[in-house]
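A, B, ... follow the sequence lines: proteins, then strands. Residue 1 opens every chain. These numbers come from the heavy atoms of this one structure, side chains and all, not from hydrogens, waters or symmetry mates.
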There are 2 protein chains.
Amino acid sequence: MRLSQKKIMAVLRQYGYRLTPQRRAIIKTVVLSQDHVTPAAIYDKLHQGQPNIGLVTIYRTLEILTRLGLICQVHAGGGHSYTISASGHHHHLICSGCGLVVDFAGQNLAGLEQRLSRETGFKIEDHLLEFVGLCQDCQRDGV
Amino acid sequence: MRLSQKKIMAVLRQYGYRLTPQRRAIIKTVVLSQDHVTPAAIYDKLHQGQPNIGLVTIYRTLEILTRLGLICQVHAGGGHSYTISASGHHHHLICSGCGLVVDFAGQNLAGLEQRLSRETGFKIEDHLLEFVGLCQDCQRDGV
DNA sequence: TTATAAATGAAAATATTTTTCATTTAATAT
DNA sequence: ATATTAAATGAAAAATATTTTCATTTATAA
């Protein structure tokens, strides 16, 4: 289940952030995008429109949304970090050909986490699990 | 088991790369480093010494070593990607306080990989599993 | 409406990575 | 040993990415 635009805006408000037209537009873009988007891609898509949005605002908004857990970053694949909207605990399957990101869940890492905690003394706060491969389309197209 | 300096150099030679003093110095730095190192950190450590090493050479060498699987990148934690030497298939446990990287193995993701492949049609090539938390020292120091 | 703290965006600063190309050099052949 | 040559280096510039600063605008609440 992906977060809706409405839900994201509600959470923003809940935390005392203002709902500016810029933020609405950025959220809309991230939510409507099927795969992950870079700050630059959002900028390209939005900065001609109304309102005119600066790249700085995009960085700032993505930072807030990430901090609130409303969007998350994709690390593998290109190597750089991209963002994608999603909700609940899940992981990413990333196409190295076209950048498509598929969310998946159902992998319970609690056991492993406990083992690691026990063996290393770490207090584990977070984890990152991503698979990289070729989606069906890219396999067919021989990317 | 971490790769030794000698082993890394042998593999480099095996693939037809030349063993320059610069490459030796870079490999030594990465191997001796307990945690992950950034290109900039390697540069700071080496560019005063003999031989004088340029940042470009560091980027190029790290790229080769990564491609040959002799070192690998760390994605989570700071957000940027860092490199660390290691061998064999393993994953990372990263301290968000001090950057310490602990390797761990023994997590077999083949079953999950198969499931995802079946469900999505992806041809999976690689994966990334990282845990982030606080190491014992940083817990104590209240970082 | 008005007041005001938050948000914006242009510009500059900072940081990161890649490209170019003349020069140097490691490894091979002699 | 020495010469040869393709590979490697590094300075500089270019390209890319991100953050900071600060004057101006604006969403929200009083």
Side-chain angles (χ1 to χ4, degrees), chain A residues 5-6 8-29 36-68 70-71 73-75 77-83 99, chain B residues 6 8-30 36-68 70-71 73-75 77-83 99:
Chain A
Q5 217 170 314
K6 241 182 180 167
I8 291 178
M9 291 185 196
V11 175
L12 261 194
R13 294 275 13 239
Q14 206 174 298
Y15 278 90
Y17 292 100
R18 292 181 179 174
L19 272 189
T20 65
Q22 288 88 343
R23 286 181 178 165
R24 287 172 198 278
I26 294 168
I27 292 167
K28 186 177 176 187
T29 303
H36 51 173
V37 282
T38 59
I42 297 175
Y43 180 76
D44 288 343
K45 184 154 193 191
L46 293 180
H47 87 124
Q48 297 284 7
Q50 203 48 242
N52 198 321
I53 291 180
L55 194 49
V56 209
T57 301
I58 295 172
Y59 274 101
R60 283 191 281 229
T61 301
L62 293 178
E63 204 271 322
I64 293 169
L65 296 176
T66 303
R67 195 148 32 74
L68 295 181
L70 297 168
I71 63 175
Q73 289 190 291
V74 178
H75 296 82
H80 300 298
S81 64
Y82 309 104
T83 55
Chain B
K6 241 182 181 167
I8 291 178
M9 292 186 195
V11 174
L12 260 194
R13 294 274 16 237
Q14 207 173 301
Y15 279 91
Y17 292 100
R18 292 182 179 173
L19 271 189
T20 65
Q22 287 87 343
R23 285 181 179 165
R24 287 173 199 278
I26 294 167
I27 292 168
K28 186 177 175 186
T29 303
V30 179
H36 51 174
V37 282
T38 59
I42 297 176
Y43 180 77
D44 287 344
K45 183 152 195 194
L46 295 180
H47 87 124
Q48 297 284 10
Q50 203 48 242
N52 199 320
I53 291 180
L55 194 51
V56 210
T57 300
I58 295 172
Y59 273 101
R60 283 191 282 230
T61 301
L62 293 177
E63 205 271 323
I64 293 169
L65 295 176
T66 304
R67 195 147 31 73
L68 294 181
L70 297 168
I71 61 173
Q73 289 190 291
V74 178
H75 297 81
H80 301 297
S81 64
Y82 310 106
T83 55

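- Mapping B/Leu55 and A/Thr57 onto DNA chain C by nearest heavy atom places A/Thr57 closer to the 5' end of the strand.
- For A/Tyr59 and C/dT14, the OH to C1' distance is 13 Å, given to the nearest whole Å.
- A distance of 12.0 Å separates OG1 in B/Thr61 from CG in B/Leu70, rounded to the nearest 0.5 Å.
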How does protein reach along nucleotides 21-30 of chain C, written 5' to 3' as B (base within reach of a heavy atom under 4.0 Å), S (only sugar-phosphate), or - (no contact)? ----BBSS--

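- Counting only distance, with no hydrogens or angles, the side chain of A/Thr57 and the backbone of A/Ile53 share no donor-acceptor pair below 3.5 Å.
- Here the side chain of B/Arg23 pairs a donor or acceptor atom with the backbone of B/Arg18 at under 3.5 angstrom.
- Two residues are said to be in side-chain contact when any heavy atoms from C-beta on lie closer than 4.5 Å; A/Leu65 and A/Leu12 meet this criterion.
- One atom, CD1 of A/Ile64, and another, C1' of D/dT18, lie 16 Å apart when rounded to the nearest Å.
- Taken from OH in A/Tyr59 to CD1 in A/Ile42, the straight-line distance is 10.0 Å, to the nearest 0.5 Å.
- Note: NE2 (B/His47) to P (D/dA12) measures 14 Å, nearest angstrom.
- Rounded to whole angstrom, the span from the OH atom of B/Tyr43 across to the P atom of C/dT18 amounts to 17 Å.
- Rounded to a whole Å, the CG atom of B/Leu46 is 15 Å from the C1' atom of D/dT9.
- Between the P atom of D/dA17 and the CG atom of A/Asp44 lies a distance of 10 Å, rounded to the nearest Å.
- Spacing between atom CD1 of B/Ile53 and atom P of D/dA8 amounts to 15 Å, rounded to whole angstrom units.
- Summarising the geometry, atom CG belonging to B/Leu19 is positioned 5.0 Å from atom CZ belonging to B/Arg24; distances are rounded to the nearest 0.5 Å.
- Rounded to whole angstrom, the span from the CD atom of A/Gln14 across to the C1' atom of D/dT28 amounts to 17 Å.
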